[in-house]
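To start, the structure under review is shown below, and the notes come after it.
In what follows, every chain begins at residue 1, and chains take the letters A, B, ... in the order their sequences are listed.
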2 protein chains.
Amino acid sequence: MDAEPEYQGPVVTVDSVLFQLIQNELYVLLTQRAYEPFLGEWALPGGYNHRGETTHEALAGVLGRKAGIEYRALPLTMQLYTFDNVARDPRGHTISVTYMSLAHKAVPAGSDTTQNPQFFPVSKLPKLAYDHKDIILYALQRLRSRISHTNAIFALMPEKFTLTQLQTAYEAVLGHKLDKRNFRKRWLALDVLAPTDELAKDGAHRPAALYRFKQRKLQTLDPTFA
Amino acid sequence: MDAEPEYQGPVVTVDSVLFQLIQNELYVLLTQRAYEPFLGEWALPGGYNHRGETTHEALAGVLGRKAGIEYRALPLTMQLYTFDNVARDPRGHTISVTYMSLAHKAVPAGSDTTQNPQFFPVSKLPKLAYDHKDIILYALQRLRSRISHTNAIFALMPEKFTLTQLQTAYEAVLGHKLDKRNFRKRWLALDVLAPTDELAKDGAHRPAALYRFKQRKLQTLDPTFA
DNA sequence: ACAAAAGTGTTAAGAATACACCCATGT
DNA sequence: ACATGGGTGTATTCTTAACACTTTTGT
């Protein structure tokens, strides 16, 4: 980091992998490219990081402008990886700093943007621009790992939820079923859930107790969930 | 990522956290700054990432020029995190992509560089420029986590080593003692070590069997080591 | 009455931990 | 012969995994 007046660096971009559960399935937010390259193809929301703004600010701008989503309302965002695209990007040397966000209900405002933001199930992704498919799969891996030893799942859940909803969220992310009794035993032993005195009455069956997370922020939980 | 001809982005730098074991203690490579800001203070080896070179190439250049270390000889390098320094860096907006490397014996060639590269024990760090102390502590955390479920430790070991040396390496990184019998039982069950038919004779005691890693590349190991 | 999801404990298997003595060598 | 680190097994505890029936509600 010497003094070096005529510095010229790569173009810096940020890309966002925004996950959300819709009907017990994991969805990811994509936008349709309005410019070359990859005009018309689906891609992760992304954009330039200009001098003077943090990557988080750039991310907030991208999500707001391209998908109508308010970044500050997202309960959890974490950095994933920084990719070099020296050769791959048709526009020349860029590096992209990628973030993963989790949301409970982030509604993309397709109307006031040009990029047609939509959620796609992770299991049925369309053809994607760049290497964005790999990025999504990498993000999924990281997400699975995160929910296995932290409370990160809170960011995919509503304020109040039943234990069955929580279990279903895990199953959607992990891609396999879990044992009901073991799951409940574990979570109730963890001391991170608080019972509310409300019940969810949603059908012709016994009502379920509603719980909430004591802390809606990331914390590490020792045990691991399969 | 619209077309945007007058793009001006942040300065992109790379920083390297290079760990090495010296006499059963974990050391990190530092250089002494030859320019403002922080002239004369110790810092992680770092430098600009110019347009057209990958971050890995930039890293190789930095390690070569500032510390006389041949990047290609390092057995393991992984990306750590990308830090925003919009406000913090006195020279303006930079983002730094940080990497952690592990080496067995990387000899800094202090002579042909201006930056006085030296290894410092992680437990006794000097005052560091920027937030480099935090970066090192973060790297250490990641390293501990890595060696707990992968074979990453191979990158800190010589080609051939005794089980006691391997255990000592773990103890140096983790910062606590391990049980000898359990440690050996575990590693021999893992099927990642191959016995050589050589013995290490290094003192007035029974010679130790020398082992090597079957694969000297990163692989995941199911069990976790405390 | 029946359908549908909520709720609840025990047992068995496997993993992790604690622990102490004999062995081979150099001096 | 003694000092030094190398090498080895078992018993106990704890953790994880497997598993089925009763309860409460709406229709």
Side-chain angles (χ1 to χ4, degrees), chain A residues 21 23-24 144-145 147-149 157-158 160-172 174-212 220-226, chain B residues 21 23-25 144-145 147-150 157-158 160-172 174-212 220-226:
Chain A
L21 291 173
Q23 287 159 338
N24 297 338
R144 285 177 173 158
S145 158
I147 65 166
S148 295
H149 59 272
M157 304 299 294
K160 295 171 185 174
F161 51 87
T162 68
L163 291 180
T164 299
Q165 286 174 315
L166 187 65
Q167 182 176 341
T168 308
Y170 265 89
E171 291 172 342
L174 296 176
H176 59 82
K177 294 283 177 198
L178 298 173
D179 180 274
K180 185 160 91 166
R181 279 179 287 188
N182 292 338
F183 183 87
R184 296 161 95 95
K185 213 186 309 173
R186 214 162 199 167
W187 274 95
L188 294 177
L190 275 173
D191 191 40
V192 291
L193 297 183
T196 68
D197 49 7
E198 297 168 66
L199 297 177
K201 304 194 187 195
D202 65 335
H205 56 84
R206 177 169 173 176
L210 284 167
Y211 291 82
R212 57 180 182 74
T220 302
L221 311 174
D222 299 0
T224 56
F225 300 83
Chain B
L21 291 172
Q23 288 159 339
N24 298 337
E25 213 181 332
R144 286 176 172 159
S145 159
I147 65 166
S148 296
H149 59 272
T150 72
M157 305 299 294
K160 295 169 186 175
F161 51 87
T162 68
L163 290 180
T164 299
Q165 286 174 315
L166 187 64
Q167 181 176 342
T168 309
Y170 264 91
E171 291 172 344
L174 295 175
H176 59 83
K177 294 284 178 198
L178 298 173
D179 181 273
K180 184 160 89 166
R181 281 181 286 190
N182 294 337
F183 183 86
R184 297 160 95 94
K185 210 185 313 173
R186 213 162 201 171
W187 275 95
L188 294 177
L190 276 174
D191 191 42
V192 293
L193 297 183
T196 68
D197 49 5
E198 297 168 67
L199 297 177
K201 305 194 188 200
D202 66 334
H205 54 84
R206 176 171 175 176
L210 284 167
Y211 291 82
R212 57 178 181 75
T220 302
L221 311 175
D222 299 358
T224 55
F225 300 83

(request) Please tell me if the side chains of T168(B) and L21(B) come closer than 4.5 Å, counting only heavy atoms from C-beta onward. (result) no
(request) Report the distance from atom CZ of F161(A) to atom P of dA6(C), rounded to the nearest whole Å. (result) 14 Å
(message) Looking at every heavy atom in both T162(B) and A208(B), which two are closest together, and how far apart are they?
(response) CG2-CB, 3.5 Å
(message) For the backbone of I147(A) and the side chain of Y170(A), can you confirm whether one donor and one acceptor N or O come within less than 3.5 Å of each other?
(response) yes
(request) Rounded off to whole Å, could you give me the CH2-to-C1' distance for the W187(B) and dA15(C) pair? (result) 18 Å
(message) I'd like to compare against my own output: the B/S/- annotation of nucleotides 19-27 of chain C with a strict under-4.0 Å heavy-atom distance to protein.
(response) BB--BBBB-
(message) Do W187(B) and L221(B) make a side-chain contact, defined as non-hydrogen atoms from C-beta onward lying under 4.5 Å apart?
(response) yes
(message) How long is the straight-line distance from CZ of F225(A) back to CG of N182(A), given to the nearest 0.5 Å?
(response) 11.0 Å
(message) Whether the side chain of E171(A) engages the backbone of L178(A) through a donor-acceptor N/O pair (distance < 3.5 Å, no angle test) should be reported.
(response) yes
(request) Establish, with yes or no, whether the OP1 or OP2 oxygen of dA5(C) is under 4.0 angstrom from a side-chain nitrogen or oxygen of T164(A). (result) no
(request) Report the secondary structure of DNA chain C in dot-bracket form, marking unpaired bases with a dot and bases paired to a different strand with |, and treating Watson-Crick or G-U pairs with both distances under 3.5 Å as paired. (result) |||||||||||||||||||||.|||||
(request) Please state how far atom CD in Q165(B) lies from atom C1' in dG6(D), giving the value in whole angstrom units. (result) 12 Å
(request) Figure out the CZ/C1' separation between R186(B) and dT17(C), and round it to whole Å. (result) 10 Å
(request) Indicate yes or no: at least one non-hydrogen side-chain atom of L193(B) is less than 4.5 angstrom from one of L166(B). (result) yes
(message) Could you tell me how far apart L210(A) (CG) and dA6(C) (P) are, to the nearest whole angstrom?
(response) 11 Å
(request) State, with a plain yes or no, whether a side-chain heavy atom of N24(B) is found less than 4.5 Å away from one of Q165(B). (result) no
(message) Can a donor-acceptor pair be found, under 3.5 Å and without considering hydrogens, that links the side chain of R186(B) to the backbone of T224(B)?
(response) yes
(request) May I have the distance from L178(B) (atom CG) to dG6(D) (atom P), rounded to whole angstrom? (result) 15 Å
(message) If I take atom CZ in residue R184(B) and atom P in nucleotide dG6(D), what distance separates them, rounded to the nearest angstrom?
(response) 7 Å
(message) In this structure, how many angstroms lie between the P atom of dG7(C) and the CG atom of L193(A), rounded?
(response) 13 Å
(request) Determine the Euclidean distance between corresponding C1' atoms of dC22(C) and dC2(D); express it in Å to zero decimal places. (result) 15 Å
